[in-house]
Amino acid sequence: MGSTLTIKTPGDYLLRRDLCSYGYFLLAPNLWNPGDLSLTRPLDLDGGLAVFEISQPTNNRGGPIRALCDRKLSRAEQYEARALIVRMLNLEDAGVREFHKLDQRWKRSGRARLFRSPTFFEDVIKTVTSCNVTWPSTMNMNVRLCEVVNPAFPRASQLARRKPATLRARCSVGYRDQRIVDIAKLFVSGAVDPAWFEDPATPDEDALATLLEMPGVGPYAAANIMQLLGRYAHVALDTESLRHARTVLGWKGDDAPLMKQLKKHYERYADHRFRSYWFELWTDYEARKGPAHTWDPNTSGRTFTAAQLNKAKPKVTKKRRISSGTAR
DNA sequence: GGTAGACCTGGACGC
DNA sequence: GCGTCCAGGTCTACC
């Protein structure tokens, strides 16, 4: 019989809303089960692989999280697993109230928290696999990294000793092969220190500048990793942002001026601008595909391609002029 | 500082 | 079923 962890949540926390808030919940080794509103997720603990089923049995805001494990955990492993799950679910997000004060559009729904990975390293690699590629390919890369290297997601030490050609051939990561290995080596050598990035005392600008020095990390990827660190003052602008500007905000013009306009547009949300931007996109996705907690990772969760999204544009009304994008 | 082209994969589309 | 086109962000070379 396995161990069961019970994790207290903040009074506003709602698993089906707050876990299904960012596309990474659809990426391996996460497996969202829309039927019973639970997440199956293997974790790489000190004592070995452990598979968890994470749910919120009360299905109400503020209800405790239950994490059923497929094996008995030592006390140290329980502590370790708890910390990883808290990070994934963003349970320690201290900015929710401030965000709702700044952007009251999301106060009623309670949207504020963004799902992320149990480790900073996984967030970085997932971001690299999402660059210059369509969403289904990102999904495939993550599935294969887990199949080939580690079912609970590759550790930095594992990727650092892989040959780039192996990752390319077996994980379909393409030209990202060398970059992924190089990033992993930076983590292993200590040149990249996750604790430094996670430390709130580290200035945003320092964190951003250091991210931009990583191979394969440009302006979009760096801004995205920043939000995964809980630093929401930068908007990760990409082609989805342009589509959002044109189809939802109703703007016109060439790419470059639209990008500048977007950047300026979200300045009003100050330290929470990514959240405001993202929930506009996410609301649009849900208008197209239904609530995110109903998405199946094998069917509807794979359909976030530009071609698909351009097919069925939601009506732009004066009242509700928000959103579009890929499921990142 | 700005721009063009290469880098890969897989979905969409035309035949 | 096959071939071709295209989307996607980063990096490098060049002006």
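Because the structure is a prediction, the values reported are computed rather than measured. Numbers restart at 1 for each chain; the letters A, B, ... are given by sequence-line order, proteins then strands. Just the heavy atoms: all of them, side chains too, but no hydrogens, waters or symmetry mates, feed the values below.
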- prompt: Whole Å only: how far is the CG atom of A:Leu237 from the P atom of C:dG8?
  reply: 14 Å
- line: To the nearest angstrom, the CE-P distance between A:Met259 and B:dG1 comes to 19 Å
- request: Tell me what A:Met214 touches on the nucleic acid: a base, only sugar-phosphate, or nothing, going by heavy atoms under 4.0 Å.
  value: sugar-phosphate
task: Give a yes or no on whether A:Arg71 atom CZ has more than 12 heavy-atom contacts from other residues, nucleotides or ligands under 6.0 Å away.
output: yes
- prompt: Without hydrogens or angle criteria, can the side chains of A:Trp196 and A:Asp199 be said to hold a donor-acceptor pair below 3.5 Å?
  reply: no
message: By nearest atom, which of the nucleotides C:dC11, B:dG11, B:dT9 is closest to the A:Asn140 side chain?
response: B:dG11
- prompt: For B:dG10, does OP1 or OP2 lie under 4.0 Å from any side-chain N or O of A:Ser172?
  reply: yes
query: Looking at A:Phe99, does the NZ or CZ of A:Arg275 lie under 6.0 angstrom from its six-membered ring centre and within 45 degrees of the ring axis?
result: yes
- prompt: Below 4.0 angstrom, N of the basic side chain to O of the carboxylate: do A:Glu267 and A:Lys260 qualify?
  reply: no
query: Any side-chain N or O of A:Arg176 under 4.0 Å from OP1/OP2 of C:dT10?
result: no
message: Using OP1 and OP2 only, check whether a side-chain N or O of A:Arg243 sits under 4.0 Å from C:dG8.
response: no
field: Donor-acceptor side-chain pairing of A:Ser172 and A:Asn140 below 3.5 angstrom
entry: no
- prompt: Within this structure, what is the CG-to-P distance between A:Asp177 and B:dT9, rounded to whole angstrom?
  reply: 9 Å
task: Ignoring hydrogens and angles, answer whether the base of C:dG9 and the side-chain atoms of A:Tyr175 contain a donor-acceptor pair closer than 3.5 Å.
output: yes
- prompt: Between C:dC11 atom C1' and A:Asp182 atom CG, what is the distance in whole Å?
  reply: 13 Å
field: Axis deviation across the helix from B:dG1-C:dC15 to B:dC15-C:dG1, five-pair ends, to the nearest 10°
entry: 40°
- line: Of the listed B:dG10, B:dC7, C:dT10, the closest approach to the A:Asn132 side chain comes from B:dC7
task: Rounded off to whole Å, could you give me the CD1-to-C1' distance for the A:Ile180 and B:dC7 pair?
output: 14 Å
- prompt: Is it true that A:Asp123 and A:Arg87 make a salt bridge, defined as a side-chain N closer than 4.0 Å to a carboxylate O?
  reply: yes
- request: Looking at every strand, decide which applies to A:Val217 at a 4.0 Å heavy-atom threshold: base, sugar-phosphate, or nothing.
  value: sugar-phosphate
Side-chain donor/acceptor pairs under 3.5 Å, residues 157-166 of chain A, sequence neighbours excluded:
unit_1   : atom_1 : unit_2   : atom_2 : d
A:Gln158 : OE1    : A:Asn150 : ND2    : 3.0
A:Gln158 : OE1    : A:Arg155 : N      : 2.8
A:Arg161 : NH1    : A:Ser157 : O      : 3.3

task: Whole angstrom is fine here: how far is it from NZ in A:Lys260 over to C1' in B:dG2?
output: 11 Å
message: Any carboxylate oxygen within less than 4.0 angstrom of a Lys/Arg side-chain nitrogen, looking at A:Arg246 and A:Asp255?
response: yes
field: N/O (side chain, A:Thr239) to phosphate O (OP1/OP2, C:dG8) under 4.0 Å
entry: yes
query: Closest to the A:Pro136 side chain: B:dG11, C:dC11, B:dT9?
result: B:dG11
message: Can you measure A:Leu167 atom CG to B:dT9 atom C1' for me and round it to whole angstrom units?
response: 15 Å
statement: note: A:Asn224, atom CG; C:dT10, atom P; distance rounded to Å ~ 10 Å
message: Of the options C:dT10, C:dG9, B:dG11, whose atoms approach the side-chain atoms of A:Asp238 most closely?
response: C:dG9
